[in-house]
Amino acid sequence: MTDTVKGPASYFPSIEKKYGRPIAYWQDLVRTSPLSKHMELVAWLKSEHGLGHGHANALVAHTLAQKQA
């Protein structure tokens with residue numbers, strides 16, 4: 001039985017399909033950005049890379065959570 005992906009990672013298949021880049025690409029952008037605050041990163045992904053709010057928010061939330069772990 002497969003587990004259903006929940007939380008921010010549940011957006012990942014649609015992010016990859018819509019923007020044509022793997023999740024690792026977006027996470028690397030977030031990790032190497034000079035910005036560090038969640039909403040700053042979300043706004044940056046939206047304005048500079050054309051992501052929608054939900055997709056940008058999911059990427060930032062998941063990436064920052066991994067960084068803290």
Novice: How close do Pro8 and Ala58 get, counting heavy atoms only, and between which atoms?
Specialist: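 Distance-wise, the nearest heavy atoms are CB-O, 3.4 Å.
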Novice: Nearest 0.5 angstrom please: Ile23 CD1 to Ile15 CD1, how far?
Specialist: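 The distance works out to 4.5 Å.
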Novice: What pairs of residues pass the side-chain hydrogen bond (donor to acceptor under 3.5 Å, both in side chains) test when at least one of them lies in residues 54-65, not counting sequence neighbours?
Specialist: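 Matches after skipping sequence neighbours: Ser14-His55, Tyr19-His55, Gln27-His62, His38-Asn57.
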Novice: From Leu45 CG over to Glu40 CD, what is the distance, rounded to the nearest 0.5 angstrom?
Specialist: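 Between atom CG of Leu45 and atom CD of Glu40 there are 12.0 Å.
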Novice: Got more than 12 heavy atoms from elsewhere within 6.0 Å of CZ, Arg21?
Specialist: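 Open.
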Novice: Do Phe12 and Val5 sit in the same hydrophobic cluster, where Ile, Leu, Val, Met, Phe, Trp and Tyr count as joined when their side-chain heavy atoms come under 4.5 Å apart?
Specialist: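 No, Phe12 and Val5 fall in different hydrophobic clusters.
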Novice: Report the residues that fulfil side-chain contact (heavy atoms from CB on, under 4.5 Å) with Ser33, sequence neighbours left out, ordered by chain and then residue number.
Specialist: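 side-chain contact (heavy atoms from CB on, under 4.5 Å) list for Ser33, sorted by chain: Leu35, Leu41, Trp44.
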